[in-house]
Amino acid sequence: MACPKPRCSRFTTTSRTHPQSLGVITDDPFLTETDKTQKRKLSQKRKTQPYREIFEFFIEDFKTYKPLLSSIKNAYEVMLAHQREKIRALEPLKAKLVTMNEDCNERILAMRAEERSEISMLKKEKMNLLKIIDKKNEEKISLQSEVTKLRKTLAEEYLRYLSERDARKILIADLNELRYQREDMSLAQSPGIWGEDPMKLTVALKMTRQDLTRTQMELNTMKANFGDVVPRRDFEMQEKTNKDLQEQLDSLRDDYREVCKEHDMLLQLHMSTLKERDQYHSELQEIQRTSTPRPDWSKCEDVVAGGPDRWQMLAEGKNSDQLVDVLLEEIGVGLLQEKDFFPGLGYEESIPPFLRFEGVVENKKPTKKDVINLLKDAWKERLAEEQKEKFQDFFLNFLERRFGPADTMAWAYTIFENIKLFRSNEVMSQFYAVLMGKWNESVYIKQKETVTQLLKEMTNVDSQNEGLLTMEQLSTVLKSTFPLKKEEKIQELMEAGGWHPNSSNADLLDYRSLFLEDEEGQSRPFVQQLWEQYLDEKDDYLKELKQELGLELREKVTLPKVREALMTIDPKLDKQTLNSYLSQAFQLPVTELPEEPEEKTENIIIQLQTVLERLQMADVRRMGPREQEPVPLSPWQQVPE
């Protein structure tokens with residue numbers, strides 16, 4: 001249904017409306033706030049009246065939407081009525097708010113006026129106080145100057161009175177001296193002196209008075225000339241003090257020159273260090289540029305027998321050099337298993353006794369575990385016997401007793417090839433080093449005794465025999481067993497045993513597990529760390545010996561010098577141990593060593609490098625701490641006498 005077109009002619013108008021009829025409020029200065037509000041309401045009502053009438057015309061013309069438009073109009077009317085009521089209710093509150101605003105403004109103005117007056121009074125008071133302070137400061141300055149003058153005057157008067165007192169004492173002493181002389185002269189005269197002529201006595205008295213006057217004048221002249229002279233005692237004391245200060249000054253000047261020299265040397269050292277650092281840095285960059293890339297060890301996973309899992313187990317915790325050894329061992333195992341025979345090396349003197357054979361011998365192809373068990377049995381038998389024969393002869397006899405004369409050489413070659421191949425295995429590498437003479441067997445025996453003694457000490461501390469120790473007990477046992485080890489070495493052993501910085505001293509440790517071995521004879525990290533520390537300590541000991549001798553490796557050294565150097569770096573060294581070291585170094589029996597240092601030792605000369613290599617083979621360790629030499633004081637630390 002189409003809406004009828006509205007007739008707009010009804011409410012279109014062209015007449016001009018007066019401003020007041022449209023609700024425009026003109027400003028009237030004589031109207032109150034309430035009148036203005038009433039007038040504003042009336043103007044608002046007049047403004048909405050045309051819209052109301054227009055809306056009623058719409059309602060009348062649009063019959064279809066009349067109910068809807070009527071409801072809209074009624075809703076607006078109700079809302080407007082509600083708003084009027086609310087405005088009417090708020091009118092008193094607005095008036096009250098205006099009144100309160102005016103009161104507050106008046107109070108604020110009053111407070112500001114009061115504050116301004118108070119501030120002006122305080123400023124005046126401040127100015128007065130500043131003037132008083134300036135006046136007091138001036139009085140203080142004048143009083144200080146007056147006090148200074150009075151002190152100066154007092155000092156002058158004191159000196160004057162002091163001089164007068166000294167002069168008076170000197171005069172009294174002179175008068176007493178003259179009186180004593182006069183009395184002495186009168187006593188020394190004969191009784192007949194009283195009979196002399198009075199004129200003569202008068203002349204003598206006159207002459208005496210002239211002498212007294214002349215003496216008094218000389219005394220005054222001396223006082224005037226020597227009044228400011230310092231006594232000799234004070235002069236000598238000041239002269240001595242001046243001499244001491246001059247000596248101290250000379251000493252300090254010498255110290256300063258030494259410090260300047262040291263400073264210049266340090267600057268030169270610093271510059272040379274900077275040059276070396278730059279050189280090393282450039283060399284490092286050149287090496288990094290030209291060096292080959294690190295190998296990708298993960299490629300070995302598919303080559304090594306056992307796959308990635310076994311390679312991960314073999315490569316765990318090893319560096320590149322050790323990984324090369326492991327890889328060579330894996331390659332060597334395959335090649336060794338492929339060999340059925342070994343060629344004999346002959347009967348030459350350079351061939352070890354257990355390998356002297358002509359022809360070919362069978363490869364017995366034992367497993368790695370079988371070789372390790374065989375070596376352990378050999379060590380047990382070696383430790384049980386008296387050790388009279390050489391280790392190579394013992395090894396040959398051991399194999400003959402174990403496998404019979406027919407298979408002795410076959411097993412000797414088989415075991416030799418295996419221990420030569422498996423350098424990363426602890427049991428095999430140690431046995432190979434002793435067998436080939438790189439170590440004395442005393443090195444292995446002493447290490448085993450040390451481990452056994454340490455386990456015994458831990459067992460003694462474990463009173464409950466539970467196999468557990470606290471970290472504090474472990475530290476105590478290590479320090480008592482190894483009193484010469486430094487604190488950081490003890491710390492390394494504890495960390496290898498399972499101690500961590502976050503661990504508390506009350507944490508329990510299964511100490512027996514530290515000494516266990518796996519099926520291949522490998523020790524736990526604790527025992528390995530103990531062995532590595534022993535090797536490091538031996539190297540440090542021999543370096544200290546070389547430094548004490550002060551010779552190059554190719555230079556020759558005599559036995560007395562080595563004896564003296566050993567006693568210097570290790571004063572606690574007993575005679576038996578010292579002789580064993582010298583016997584090993586110079587390859588002499590202990591019985592042939594000279595008892596006295598000067599006794600027939602001129603012809604016992606050997607190269608220093610040989611001495612150190614022979615001592616490296618033996619069980620060499622420190623017996624006690626080196627005596628600390630007094631550290632000389634720097635020039636500026638020396639206290640003058």
Q) What residues, two or more places apart in sequence or in another chain, satisfy side-chain hydrogen bond (donor to acceptor under 3.5 Å, both in side chains) together with K485? A) Q533, E537

Taking atom [atom1] of [X] as the centre, report whether more than 12 heavy atoms of other residues, nucleotides or ligands fall under 6.0 Å from it.
X	atom1	result
K368	NZ	yes
Q547	CD	no
K556	NZ	no
M436	CE	yes
E517	CD	yes
E157	CD	yes
E156	CD	yes

Do NZ/NE/NH1/NH2 and the carboxylate oxygens of [X] and [Y] come within less than 4.0 Å?
X	Y	value
E487	K479	yes
D134	K136	no
D254	R257	yes

Q: Output, in order, the C-alpha distance, side-chain angles, deciding distance and verdict of salt bridge (Lys or Arg N to Asp or Glu O under 4.0 Å) for E138 and K135.
A: CA-CA 5 Å; E138 292 176 357; K135 186 176 180 181; over 6 Å; no

Q: List for me each residue that meets ring pair (Phe, Tyr, Trp, His ring centres under 6.0 Å) alongside Y444, sequence neighbours excluded, and say none if there are none.
A: W379

Q: Could you tell me the separation between the CG atom of L535 and the CD atom of Q447, rounded to the nearest 0.5 Å?
A: 8.0 Å

(Q) Test salt bridge (Lys or Arg N to Asp or Glu O under 4.0 Å) on E239 and K243; report intermediate values, then the result. (A) CA-CA 6 Å; E239 189 177 15; K243 185 177 179 182; over 6 Å; no

Q: Locate the shortest heavy-atom distance separating N440 from V434; write the atom from each residue and the value.
A: O-CG2, 4.3 Å

Q. Between F431 and F391, does the ring centroid distance fall short of 6.0 Å?
A. yes

Q) So, S583 side chain and N579 main chain: donor-acceptor pair closer than 3.5 Å or not? A) no

Q. When H281 is tested against each of E283, Q279, Q285 for side-chain hydrogen bond (donor to acceptor under 3.5 Å, both in side chains), which residue passes?
A. Q285

